[in-house]
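Accompanying notes for the structure given below.
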2 protein chains.
Amino acid sequence: MQSISEAESRIMEALWRKTPLTAEQIISTVGPENGWAPATVKTLVTRLLKKGAIAGAKEDGGYFYRPLIARADWVQSESQGLLDRLFKGEVAPLVAHFAEHRQLSAKDLRQLKALISKIEEDGK
Amino acid sequence: MQSISEAESRIMEALWRKTPLTAEQIISTVGPENGWAPATVKTLVTRLLKKGAIAGAKEDGGYFYRPLIARADWVQSESQGLLDRLFKGEVAPLVAHFAEHRQLSAKDLRQLKALISKIEEDGK
DNA sequence: CTTGCCAGATTACAGGCGTACTTTTCAATG
DNA sequence: CATTGAAAAGTACGCCTGTAATCTGGCAAG
């Protein structure tokens with residue numbers, strides 16, 4: 001509950017990509033990705049269990065882990081903090097910042113315009 | 001150099017708001033803001049000194065601290081990390097996320113449209 | 001019924017962080 | 001020159017994190 005650490009989030013990402021996963025599967029995806037020993041992955045899984053961020057249960061022949069919190073919720077709390085701390089909670093300055101640092105691709109621009117149109121459409 | 005911690009960033013913010021500041025001034029702004037004892041603020045200042053994030057020097061009668069790194073640079077590394085970790089480096093999904101969570105104010109929308117227009121204008 | 005495997009718990013340990021006090025070292029002032 | 005006052009360095013300490021190994025208890029297979 002009290003915030004997922006950086007390393008722990010790697011486990012979560014794996015589970016959000018594909019759910020459920022066995023311990024074996026988590027270890028074989030997340031381990032190599034991060035250069036972690038199996039024991040390390042198990043520790044992180046244990047901590048996530050204790051935090052209530054994931055749950056494990058045996059289902060049809062295997063033992064599977066599932067995330068208990070939604071990625072969107074996690075993303076929300078992570079990005080809200082940054083937005084508040086760095087940009088006084090305003091989205092536009094954040095985007096402006098990325099624009100200044102050449103992080104705005106043509107694709108982003110296209111998607112942003114579409115997004116804005118859609119929002120205005122809905123609001124109408 | 002190796003990343004400014006959350007608590008340390010409060011000191012930096014004070015120095016970015018107004019530079020230079022004396023130890024006294026830092027303590028009297030940052031301390032109450034965060035409920036920190038003077039000793040705590042001094043520790044954070046020391047760590048920032050050791051990290052090379054700020055510098056202290058005596059100038060006309062007082063001892064003043066100045067930031068050695070620009071806020072823009074710090075904001076950049078902070079937000080880049082989040083963008084990469086959470087949104088695969090794409091800005092549009094980030095904005096979409098905020099839109100879905102009602103974090104997009106009318107003001108933001110207006111500013112975003114202006115920003116996009118300006119970018120397209122420049123690119124032309 | 002026994003044995004072995006695996007999930008979960010326990011233990012380990014160093015480094016960073018938040019919080020804070022104490023000691024040392026200078027520079028200025030009397 | 002001596003004292004003082006503040007800056008900087010050192011000490012402290014508990015918690016979280018990253019990294020990892022080991023112990024334990026229950027279920028499944030033989």
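We use all heavy atoms of the structure for the numbers below, so side chains are in, but hydrogens, waters and symmetry mates are not.
Mapped onto DNA chain C by nearest heavy atom, A:R47 and A:Y63 fall at different nucleotides, with A:Y63 at the one closer to the 5' end. Each of B:E24 and B:T43 has a nearest nucleotide on DNA chain D; the 5'-most of these lies closest to B:E24. Each of A:P38 and A:A7 lies near DNA chain D, and the nucleotide nearest A:A7 is the one positioned closer to the 5' end.
Taking atom CZ of A:R10 as the reference point, atom P of D:dG18 lies 9 Å away to the nearest angstrom. When rounded to the nearest whole Å, the span between NZ of B:K42 and C1' of D:dA6 equals 7 Å. Whole-Å rounding puts the B:I27 CD1 to D:dA6 P distance at 10 Å. For B:E33 and C:dG18, the CD to P distance is 16 Å, given to the nearest whole Å. To the nearest angstrom, C1' of D:dT19 lies 15 Å from CG of A:L48. Atom pair B:I4:CD1 and C:dG18:C1' shows a separation of 16 Å (rounding to whole Å applied). In this structure, CD of A:E6 is placed 16 Å from C1' of C:dG15, rounded to the nearest angstrom. With rounding to whole Å, A:L44 atom CG is found 15 Å from C:dA7 atom P.
A:T40 has no side-chain polar atom (N or O) that falls below the 4.0 Å cut-off from OP1 or OP2 of D:dG18. The phosphate of C:dG16 (OP1 or OP2) has no side-chain N or O of B:K50 nearer than 4.0 angstrom.
Counting heavy atoms from C-beta on, the side chains of B:S79 and A:L82 come closer than 4.5 Å.
A salt bridge does not link B:E8 to B:R47: none of the charged side-chain nitrogens sits closer than 4.0 Å to a carboxylate oxygen. Between A:E120 and B:K113 there is a salt bridge, since a side-chain N of the basic residue sits under 4.0 Å from a carboxylate O of the acidic one. A salt bridge between A:R10 and A:E33 is absent, with no side-chain N of the basic residue lying under 4.0 Å from a carboxylate O of the acidic one. A salt bridge links A:E6 with B:R85: at least one charged nitrogen is closer than 4.0 Å to a carboxylate oxygen.
For A:L49, the listed nucleotide lying nearest its side chain is C:dG8; candidates were C:dA20, C:dG8, D:dG18. The side chain of A:W36 lies closest to D:dA20, out of C:dC17, D:dA20, D:dA7. When the nucleotides D:dA7, D:dT19, C:dA20 are ranked by their closest atom to the side chain of B:Y65, D:dA7 comes out on top. Counting only heavy atoms from C-beta on, A:S5 has its side chain closest to D:dG18 among C:dA20, D:dA7, D:dG18. Of the candidate nucleotides C:dC21, D:dG18, D:dA20, C:dC21 has the atom nearest to the side chain of B:A37. Of all nucleotides listed (D:dA20, C:dC17, C:dG18), C:dC17 comes nearest to the side chain of B:S3.
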